[in-house]
2 protein chains.
Amino acid sequence: MSLRYALLALLEVGPLTGYDLQKQFAVSVGHVWHAPDSQIYPELRKMEADGLIEAEVIPWGNQGRKRQYHATEAGVRTFVDWMNAPLSYSRVRDPAHLRAAYLEWATPDAARGFLRGHIRHHREQLDQWVAELHAIDSLTNPMLVRRLAVTAEKDRRKTVAFKRFTYEGLIAQAENEIAWANRGLEILGEFDSPE
Amino acid sequence: MSLRYALLALLEVGPLTGYDLQKQFAVSVGHVWHAPDSQIYPELRKMEADGLIEAEVIPWGNQGRKRQYHATEAGVRTFVDWMNAPLSYSRVRDPAHLRAAYLEWATPDAARGFLRGHIRHHREQLDQWVAELHAIDSLTNPMLVRRLAVTAEKDRRKTVAFKRFTYEGLIAQAENEIAWANRGLEILGEFDSPE
DNA sequence: GAAAACATGTAACCGGTTACATGATTCT
DNA sequence: AGAATCATGTAACCGGTTACATGTTTTC
C-alpha cells in the first residue's frame with residue numbers, strides 16, 4: 001500500500017503526468033520503492049477516484065493529450081497522516097539468507113556463485129546510491145531542486161539532511177551485505193582447500 | 001516461490017506434519033522466511049500433487065489422523081537444483097527508507113516515534129537471532145541436531161558454519177538498522193534544539 | 001523517414017495477508 | 001471439566017509481476 005504514498009510524495013512537489021512519475025520510479029523514489037508503469041497508471045486512477053489527486057487534461061501536440069496530476073487537499077492530508085502514523089513492519093522474507101542457511105546443499109561452485117552474485121547485486125545498488133548521494137550534495141537531482149524551490153528557507157537544510165540520511169542508510173545496508181558475502185567466501189575457502 | 005524450498009529444506013531432514021512445519025516457521029526457518037499456516041497447508045498439497053513430497057496418513061488417537069510428509073527423490077532433486085541455481089533479486093521495496101526520505105513531512109514527535117519504532121523492531125529481531133546463534137553453538141536447536149544426526153561427520157562442521165554465517169548476517173543487518181536509526185535521532189535533535 | 005521518447009493503459013496470474021472455520025487429543 | 005496443544009484447512013482480497021497492446025510527438 002506504500003505505492004500510493006510514494007506517488008503522493010512526488011506529487012506534493014508539483015503536478016506531474018503518469019509518465020513523469022514513472023520516470024521518477026526509474027530513478028529517485030525507485031531507489032526505495034520500485035513500481036512498473038502497469039501498476040502506476042491504474043493506481044493513479046484509483047487515487048483520483050478516492051479524491052487524493054486531480055487530473056488536468058493537457059493537450060499535447062495536435063491530437064495528443066496527457067493527464068497531469070496534482071495532489072488535492074485530501075491527498076496532502078492523507079500523505080501527512082501516513083507520515084505521522086506508526087510504520088508496520090512486514091514479516092521477514094529473505095531469499096538470500098534462506099539460501100545461506102542451507103548452503104551446504106549447494107556445490108562449492110554454486111555456493112561461490114551465489115555469494116559472488118550477492119556481492120555483484122549489492123555493489124550495483126551501492127554504486128547507484130553513492131551516485132544519488134552525490135546528486136544530493138551537488139544539488140543536481142532535479143526533483144530535490146524542485147522540492148527545495150517550494151520549501152521555506154529554514155526547512156531546506158532539514159529536507160536535504162533526511163535525503164542524505166536515507167541514502168547513507170541504504171549505502172550502509174549494501175556495504176553490510178557485501179561484507180557478509182565476503183565473509184561467506186572466506187568460510188567456503190576454509191572447506192574447499194582444507195589443510 | 002521460496003516457500004516451497006523452505007518447506008523442502010525442512011523435509012530433507014526427515015518426515016514432518018503440516019503442523020510440525022508450521023511450528024518451525026514460527027521459529028527456525030521463520031527467521032528468514034515467514035509463512036502462515038493458511039499458506040503452508042495448501043502449498044503442501046500442491047507440492048504433493050507435483051510429486052515433490054509424499055504423505056503418509058498416520059492415525060492419531062482414536063479418530064484423529066495426520067499427514068506426515070517426506071521429500072521424494074524428485075523433491076530432493078528440485079531442492080538441490082534450486083540451491084545450485086542463481087538467485088534472482090527482487091526490486092527494492094523498503095517502507096522504512098521510503099518514509100525516511102520524506103521525513104521532513106512528519107512532526108518531530110512522529111519522526112522520533114518512527115525511528116524509535118525502527119530501533120525497537122530491529123532490537124527484537126536482533127534478540128531472537130542472538131538467541132538462535134546461541135542455540136546453534138550450544139546445539140540446543142532441535143532441527144539442527146536432527147540435521148546433524150543424518151549428516152556425514154565430515155560435513156557437520158560445514159553445516160554448522162553456514163547456519164552461523166546466516167545468523168551472523170542477520171545480526172549485522174539488525175545492528176546496522178539500529179545504528180542508522182540512532183543516527184537519525186541525532187539528526188532530529190540537531191533540528192529540534194537548534195542553537 | 002526512422003528512431004527515440006512521450007503517453008497510457010489492459011489482462012492473466014501468482015504469492016501473500018487476513019479472517020474465518022472446525023474438530024480431536026492431551027495435559028492439568 | 002477446561003485449557004492448551006495438535007491438526008487442517010477455506011475464502012476473499014490485495015498488491016505486485018509479466019506480458020501484451022497501442023498510438024503520438026519530437027528529434028535526428
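On a predicted model such as this, the values are computed, not experimentally measured, just so you know. Chain letters run A, B, ... following the sequence lines, proteins first and then strands; every chain starts at 1.
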Gap between atoms CD and C1', on B:E43 and C:dT17 respectively (whole Å):
15 Å
To the nearest angstrom, how far is B:I40 atom CD1 from C:dG16 atom C1'?
12 Å
Classify B:N62 by what it touches in the nucleic acid, base, sugar-phosphate, or nothing, heavy-atom distance under 4.0 Å.
sugar-phosphate
Any donor-acceptor pair under 3.5 Å from A:R156 side chain to A:T151 backbone
yes
Between C:dG16 (P) and B:Y5 (OH): distance, integer Å:
12 Å
N or O in side chain of A:Q63 less than 4.0 angstrom from D:dT25 OP1/OP2
yes
Round to a whole Å and report the spacing from CG of A:D37 to P of D:dG23.
17 Å
Per nearest nucleotide of DNA chain D, the residue lying toward the 5' end, B:P42 or A:G64, is B:P42
On the 0 to 90° scale, with breaks at 30° and 60°, tag the A:H97-A:H118 ring pair as parallel, tilted or perpendicular.
perpendicular
To the nearest angstrom, how far is A:Y19 atom OH from D:dT26 atom C1'?
11 Å
Would you say A:Y41 reaches C:dG9's phosphate, i.e. side-chain N/O to OP1/OP2 under 4.0 Å?
no
B:D20 has its side chain closest, among C:dT17, C:dT25, D:dA7, to D:dA7
Round to the nearest Å and state the distance from A:F25 atom CZ to D:dG16 atom P.
10 Å
Between B:K46 and B:P36, name the one whose nearest nucleotide on DNA chain C is closer to the 5' end.
B:K46
For A:R112, is there an ion pair with A:D109 - N to carboxylate O distance below 4.0 angstrom?
yes
Among A:E54, A:E56, A:E48, find the one that has a salt bridge (charged side-chain N to carboxylate O under 4.0 Å, His left out) with A:R67.
A:E48
Name the nucleic acid region contacted by A:S38, choosing base, sugar-phosphate or nothing; use a 4.0 angstrom heavy-atom cut-off, strictly under.
base
Residue pair A:R65/A:S2 against DNA chain D: nearer the 5' end by closest nucleotide is A:S2
From the set C:dG16, C:dC6, D:dA7, return the single nucleotide nearest to any side-chain atom of B:T17.
D:dA7
Parallel, tilted or perpendicular: ring planes of B:W180 versus B:F114, cut at 30 and 60 degrees:
perpendicular
For the side chain of A:W60, starting at C-beta, report the closest nucleotide among D:dT17, C:dT8, D:dG23.
D:dG23
Any side-chain N or O of A:R45 less than 4.0 Å from the OP1 or OP2 oxygen of C:dG9?
yes
For atom NZ of A:K23 and atom P of C:dA5, their distance in whole Å
10 Å
Between P of C:dG15 and CG of A:L98, the distance in whole Å
15 Å
